[in-house]
Amino acid sequence: MDAMINALPYLLEGLQITLYIFFIAIIFGFLIGLLMALLRLSPFKILNWISKIFVDAIRGTPFIVQLFFIYFGLNSFEYLSMDNTTAGIVTVAINAGAYFSEIIRAGIQSIDKGQTEAARSLGLNSTQNMRHIVLPQAFRRMLPTFTNQAIISLKDTSLLSVIGVADLTQEGRIQASATFQAFEIYLLLGIIYFIVIYLLSMLASFVERKFVLR
Amino acid sequence: MTMIRVENLKKSFGDLEVIKDMSTVVEEKEVICVIGPSGSGKSTFLRCLNRLEEITDGHVYIEGVDITDPKNNINKIRQDVGMVFQQFNLFPHKTVMQNVTLAPMKLKGLDKAAAEKKAYELLDKVGLREKAQAYPGELSGGQKQRVAIARALAMDPKIMLFDEPTSALDPEMVGDVLDVMKELAREGMTMVVVTHEMGFAAEMGDRVLFIDGGFIVEENVPKELFGNPQHERTKAFLSKIL
């Protein structure tokens, strides 16, 4: 118990890093996902392919390999090398982006074609149709799957400890080896992750209720 | 003044030739009713008039502007051509008021107050002022369709296209929608109406087009077309439905 209480301040420091990485990565991940979904649905074959190759490449490889590639692999090029936190954010963003792109694409395609026809018949162009009619409805439908992926991405950030990012997991590892109280420390680590993810789910269901599709 | 001119219109979906060759003219303030068996191409014909379907061959001119010419801005042309759908297609995430004000605000630059003033006038016209703050999911089918008409009218279109506007309605709702359409016709709106309501076609139509097999088989004033059809296929169709 003492080990837990002593370790807590360090872990909370790590939690800050974890949340910082998570929020930035999720925002960029969403933007990447939106872009890729729109490329995928565009009428231009070449853009469809760019999106498809990106999504398949990310889905077909393990997260840790992507992380090593971006952190160690790109380090071979001077102008592409980055510190471990940046590499972590980039990896989580790209990884989440690929999954978000599929979620957003499915969300857009689930909206009845009549919605687009009505919007276009009024004179809205395709961008206005997406922005005012299709996307607002699609996002509401996507929210549950979106939350799911956000939670997976949050958990993925724990792998960044492998490249030395001082996140929650890394702080836990340091505390565990410093105190030799692995059971208490890792139990506490799990509890902290659980609480954060639980709060995140609560926030998501609150948002879902607020924006329920009528 | 000629509002719509259709010249040798053809439309295929892959190998399936839905519209083989259609030509017609719609003058200002005319009400044209389009009838025909299902699968005859009448809805596709209507959807070609605002290019919701890409036109395979031929020309459609709206107020003299060729909508098949990619140089002409179709979004601008569509602002003058309102459309009402069988399935209403109201925007479910927006209130009735927002459904009606969206296009005028985004496309005509109306401010909110002006757009809402106009919307209330239109909702009065279709008898739904009190539903302004309701969402489409809270309305009956007939109410939805009347909102859809108000939404289309909010752009001050010069032409209104109706694609089987009463086919998805419960019978007791049909009358309210037809009444709104009749009022619109009396005010001089140019209308093209694909319909199964022969009563409406007979009463309000200046001309009736009978479409079958991808052609306009016969077009005439309703009295002649219904009373004295010239073609065998028209006779066969009318004998089944009247």
Side-chain angles (χ1 to χ4, degrees), chain A residues 30 33-34 37-38 41-48 100 103-147 204-214, chain B residues 43 46-47 49-54 73-96 98-108 133-139 144-145 147-157 159-163 168:
Chain A
F30 178 77
L34 182 59
L38 293 175
L41 295 172
S42 93
F44 303 105
K45 277 264 148 50
I46 174 87
L47 298 181
N48 304 163
F100 281 152
I103 294 169
I104 295 169
R105 179 178 66 89
I108 290 173
Q109 286 179 326
S110 78
I111 302 303
D112 182 63
K113 265 189 70 172
Q115 292 291 306
T116 294
E117 291 182 350
R120 299 304 303 271
S121 79
L122 287 166
L124 271 68
N125 64 32
S126 57
T127 311
Q128 291 166 325
N129 170 45
M130 266 295 159
R131 172 150 167 240
H132 299 294
I133 305 304
V134 178
L135 288 180
Q137 295 183 59
F139 285 145
R140 280 160 219 224
R141 270 188 210 176
M142 281 157 25
L143 221 47
T145 24
F146 190 85
T147 309
S205 36
F206 172 75
V207 174
E208 259 169 63
R209 273 200 302 277
K210 206 159 158 70
F211 290 101
V212 65
L213 196 57
R214 297 178 202 246
Chain B
S43 279
L46 192 76
R47 292 160 58 86
L49 299 184
N50 64 352
R51 229 178 78 191
L52 270 191
E53 300 292 351
E54 282 302 324
N73 182 353
I74 187 66
N75 297 318
K76 192 81 191 151
I77 298 165
R78 282 177 179 150
Q79 294 184 21
D80 284 344
V81 185
M83 189 165 200
V84 174
F85 301 84
Q86 184 177 353
Q87 297 300 337
F88 329 124
N89 297 340
L90 291 181
F91 307 132
H93 60 303
K94 295 189 176 293
T95 61
V96 164
Q98 290 166 339
N99 265 273
V100 179
T101 56
L102 175 81
M105 286 170 68
K106 297 296 169 199
L107 301 174
K108 292 199 154 173
Q133 300 312 320
Y135 281 86
E138 300 162 325
L139 303 180
K144 282 182 194 170
Q145 196 60 300
V147 172
I149 293 172
R151 178 178 68 179
L153 291 175
M155 288 301 290
D156 289 319
I159 301 165
M160 284 285 283
L161 308 177
F162 293 84
D163 189 2

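Residue numbers start from 1 in every chain, and the chains themselves are labelled A, B, ... in the order their sequence lines are given, proteins ahead of strands. None of the values given here were measured: they were computed from a predicted structure.
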Given a strict heavy-atom distance threshold of 4.5 Å, which part of B/Gln87 is in contact with chain A: side chain, backbone, both, or neither?
neither
Any donor-acceptor pair under 3.5 Å linking the side-chain atoms of A/Gln109 with those of A/Arg105?
yes
What distance separates A/Ile104 CD1 from A/Leu38 CG, expressed to the nearest 0.5 Å?
8.0 Å
Check for a donor-acceptor pair, side chain of B/Asn89 on one end and backbone N or O of A/Gln115 on the other, with a separation under 3.5 Å.
no
What are the two closest non-hydrogen atoms of B/Pro157 and B/Ala152, and how far apart are they?
CD-O, 3.4 Å
For B/Phe85, is it the side chain, the backbone, both or neither that has a heavy atom under 4.5 Å from a heavy atom of chain A?
side chain
Report yes if some heavy atom in the side chain of B/Arg78 is under 4.5 Å from a heavy atom in the side chain of B/Asn75; otherwise report no.
yes
Can you tell whether the side chains of A/Glu208 and A/Arg140 come within less than 4.0 Å, N to carboxylate O?
no
Bottom line for B/Ile77: the part with an atom under 4.5 Å from chain A's heavy atoms is neither
Would you check if A/Leu122 and B/Gln79 make a side-chain contact, meaning some heavy-atom pair closer than 4.5 Å?
no
Atom CD1 of A/Ile103 and atom CZ of A/Phe139: how far apart are they, to the nearest 0.5 Å?
11.5 Å
Which residues in residues 124-134 of chain A have any heavy atom closer than 4.5 Å to a heavy atom of chain B?
A/Leu124, A/Asn125, A/Gln128, A/His132, A/Ile133
Heavy-atom distances under 4.5 Å only: say whether B/Arg151 touches chain A with side chain, backbone, both or neither.
both
Tell me, for B/Lys76 versus chain A, whether the close heavy atoms (under 4.5 Å) come from the side chain, the backbone, both or neither.
neither
